[in-house]
2 protein chains.
Amino acid sequence: MYYVIMKRKSSPAPRKQPRSATAMPDKLAASAFALFSARGIGQVSLDDIATHAGVTKGSFYWHYQSKDDLIKAACAHYYRVYHRRINSELAHITNPVERLARTIETAVNICLMDRANRVFTTEVFTLAVHNPELGRSWRQFSDSVREFYLGLLKAAMAAEDLKTTDPEQAVDFVLSAMEGIKLRAQHEPHLCSKQSKRSIVTSLKRNLGIIETEQ
Amino acid sequence: MYYVIMKRKSSPAPRKQPRSATAMPDKLAASAFALFSARGIGQVSLDDIATHAGVTKGSFYWHYQSKDDLIKAACAHYYRVYHRRINSELAHITNPVERLARTIETAVNICLMDRANRVFTTEVFTLAVHNPELGRSWRQFSDSVREFYLGLLKAAMAAEDLKTTDPEQAVDFVLSAMEGIKLRAQHEPHLCSKQSKRSIVTSLKRNLGIIETEQ
DNA sequence: CTACTAACATACCCGCCGGTATGTACTATG
DNA sequence: CATAGTACATACCGGCGGGTATGTTAGTAG
């Protein structure tokens, strides 16, 4: 162990960040999300995550209390990214029906194309079955998404005369379908083809009462 | 360790089964399925499974080569049960449209009510993402289910004039939706209510071109 | 009766990983 | 400049669980 002898004279590596940039918790959560969604939660150790974030496990435990704690943080990270993505997508669309349509299109795109999203979602879902706290967190997120869609749909119904019977049931059905599409897309690549994607979007819209006419 | 002294005279426990009943592999697979679908694959050890089947781990490895091997067997067990269930449900229904309708109703019932089925499916799905062999096995099963539905739908279309545009896309969409319903039902109990269930069945049928009229 | 083998049980190994105890450098504050 | 607290790193522990090496018994064949 020669490092004891190094009298700590050579290059103390002048830290760029003032050491306490308070960014480390976020960085760890982001690393966790990245690794979880690539290899699965069970296949990623805390050492992996710490290394990916540029620190060690000992330091990890200064910011988080347990692996479960970190998983929750990774979920929060995911929720933030998700909401940001949707919001930026709808930022300058005013027509209510168009807002709803665009949301569906974006969501389908994510389901079919974004592997990281798919894997992470699946992993968390599975874990949440046996982890009540994660389940609550996930359900809270899920409910917020449901409310969001419900708001979009009701606004669209108020603006135009959609062929929707029960908006709540319609939203539940469409959300379920999208979740299922996300799942099956992992193993059935033919769902990701261009025409399949168009067909899916059309079906989802139809179930919300939107009949595609334009184009 | 007194058992060394027991001169093996008292009750050799006359085996009921002729020892080689060849039933042990199936028994182990069934035990695995039971425990996996109750606590999750990652939370069940081989000791647990062996104990549940009435043997020990050493004996387990005489029948299987690894845990992965057993997981595959548990899947096969699941596939068998699934097919038996559907077949027995359709055994004495001849009307093609009714056969399709009954299949949907049964599937929704399973999705919403059968917790073991839901958990096991979710677990295997998640694992299959990172395990190519499991993925292939699952996809094979999934394709067989798809073909089955496609057959039902085409038969129904030939018998009556359904409002179906593209049968393949319709089946894909409906299967995805059911998968998603199964997933969400784990965390959103309101999906399991009677009226929700009816609404889901109606939506699924509508997406296949069946308009509910009777009742 | 003997030998062989299928079908178990016992006992053990070992690597991985979550978690902890402890040391150390950098920074802020008075 | 001394002190204290922050934000790390090192080193270690312990158990859990997959997998193995080695019995031991009950059938079966000759």
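Just the heavy atoms: all of them, side chains too, but no hydrogens, waters or symmetry mates, feed the values below. Every chain is numbered from 1 and lettered A, B, ... according to where its sequence line falls, protein lines coming before strand lines.
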For the pair Arg136(A) and Glu133(A), find out whether any cationic side-chain nitrogen is under 4.0 Å from an anionic carboxylate oxygen. no
Ion pair Asp48(B)/Lys57(B), N-O distance below 4.0 Å: no
Starting from [atom2] on [N], measure out to [atom1] on [X] and report it in whole angstrom.
| X | N | atom1 | atom2 | value |
| --- | --- | --- | --- | --- |
| Asp47(B) | dC16(D) | CG | P | 11 Å |
| Leu70(B) | dG18(D) | CG | P | 10 Å |
| Lys27(A) | dA7(D) | NZ | P | 15 Å |
| Tyr61(A) | dC12(D) | OH | P | 19 Å |
| Phe60(B) | dT10(C) | CZ | P | 17 Å |
| Leu46(B) | dG17(D) | CG | P | 10 Å |
| Lys67(A) | dC17(C) | NZ | P | 8 Å |
| Asp69(A) | dG19(C) | CG | C1' | 13 Å |

Would you check if the distance from the ring center of His83(A) to the ring center of Phe141(A) is below 6.0 Å? yes
Between Ser37(B) and Phe33(B) (side chain of the first, backbone of the second, donor and acceptor by atom type, cut-off under 3.5 Å), is there such a pair? yes
Which listed nucleotide ([options]) is nearest to the side chain of [X]?
| X | options | result |
| --- | --- | --- |
| Ser59(A) | dA6(C), dT6(D), dA9(D) | dA9(D) |
| Ser66(B) | dG19(C), dC8(C), dG19(D) | dG19(D) |
| Trp62(B) | dG19(D), dC8(D), dA7(C) | dA7(C) |

Hey, what do you get for CZ (Arg184(B)) to CG (Leu112(B)), rounding to the nearest 0.5 Å? 11.5 Å
Within the structure shown, what part of the strands sits under 4.0 Å from Thr56(A) by heavy-atom distance: base, sugar-phosphate, or nothing? base
Pick base, sugar-phosphate or nothing for Gly42(A), based on heavy-atom distances below 4.0 Å to the nucleic acid. nothing
With DNA chain C as reference, determine whether Gln43(A) or Gly58(A) sits nearer its 5' end, using the nearest nucleotide of each. Gln43(A)
Would one find a side-chain N or O of His63(B) under 4.0 angstrom from OP1 or OP2 of dC8(C)? yes
If you take atom types as modelled and just measure distance, does the side chain of Lys57(B) reach the base of dG17(D) with a donor-acceptor pair under 3.5 Å? no
